[in-house]
Structure formats: structure tokens, C-alpha cells
Amino acid sequence: ATVRECDAICHLVRYYQDPDIIHVDGRVDPAADAEVVNLELLLADLSHVERRLEKTTCQGEERVTLETVADGLKKGIPARTLSLSD
């Protein structure tokens, strides 16, 4: 819940072996770990956009923009990479 209140997010992934630190998947795979974090953020964004689109007050340019964002998120494209301005 506090992620929405942040100005920026920086996530680090482990890229070393340590027998004292157990990985949930049993192996170190930083690319897969980063992909999981990005997917979770994408799904959270999609959930937020869909909740806003359900509201009757979401109209006009806002609705069009959010529908574009939702379409991109459903295709796995992060909102930050979409071209939304003319």
C-alpha cells in the first residue's frame, strides 16, 4: 500500500551464492527475480486502472488515456513506456 505514496522505486536483486541465505525458488536467478517484481508492479497498476475505469466519474480524456494504459498493461507493457502524449 505504501508503494503508491513513493516518488521512486529502486529494487535490487541478489546475484551471489550464499548457503546461509535461502532463495524461495532454491536457485539464484536475478533476471527471473526482477521479472517477478516487474510483473507484480504491472498487475498492481492494472488493478488500479481498472478500479478507476469502473467509476462513472471517469470520462473523456481521462477514460481514453486509462483505456490505452489498460490495453498496454494487459499486453505486458509497463505504463511508463507507453506513448501517451501527442
- Task: Only counting residues at least two apart or in another chain, list the ones meeting side chain to side chain donor-acceptor pair (under 3.5 Å) with Asn38.
- Result: none
- Query: Pro78 and Thr81: which non-hydrogen atoms are nearest, and at how many Å?
  - Reply: O-OG1, 2.8 Å
- Item | Arg51, CZ: over 12 other non-hydrogen atoms inside 6.0 angstrom | yes
What donor-acceptor contacts under 3.5 angstrom involve side-chain atoms of residues 52-61, with partners at least two apart or in another chain?
unit_1: Arg52; atom_1: NE; unit_2: Glu62; atom_2: OE2; d: 2.8
unit_1: Arg52; atom_1: NH1; unit_2: Thr57; atom_2: OG1; d: 3.0
unit_1: Arg52; atom_1: NH2; unit_2: Glu62; atom_2: OE1; d: 3.0
unit_1: Arg52; atom_1: NH2; unit_2: Glu62; atom_2: OE2; d: 3.3
unit_1: Gln59; atom_1: NE2; unit_2: Thr56; atom_2: O; d: 2.9

- When rounded to the nearest 0.5 angstrom, what is the spacing between NE2 in His48 and CG in Leu73? 11.0 Å
- Query: When hydrophobic residues are tied together by side-chain contacts of less than 4.5 Å, even through go-betweens, does Leu46 share a cluster with Leu82?
  - Reply: yes
- Ile21 atom CD1, over 12 foreign heavy atoms within 6.0 Å: yes
- Task: Would you mind telling me which of Thr68, Val69, Asp71 makes a side-chain contact (heavy atoms from CB on, under 4.5 Å) with Val49?
- Result: Val69
- Task: State plainly whether one hydrophobic cluster holds both Leu84 and Ile77, where clusters connect Ile, Leu, Val, Met, Phe, Trp and Tyr through side-chain heavy atoms under 4.5 angstrom apart.
- Result: yes
- Task: Using the rule that two of Ile, Leu, Val, Met, Phe, Trp, Tyr join whenever any of their side-chain heavy atoms come within less than 4.5 Å, decide whether Val37 and Ile9 are in one cluster.
- Result: yes
- Message: Under the side-chain contact (heavy atoms from CB on, under 4.5 Å) test against Glu40, which residue among Val36, Leu42, Leu43 passes?
- Response: Val36
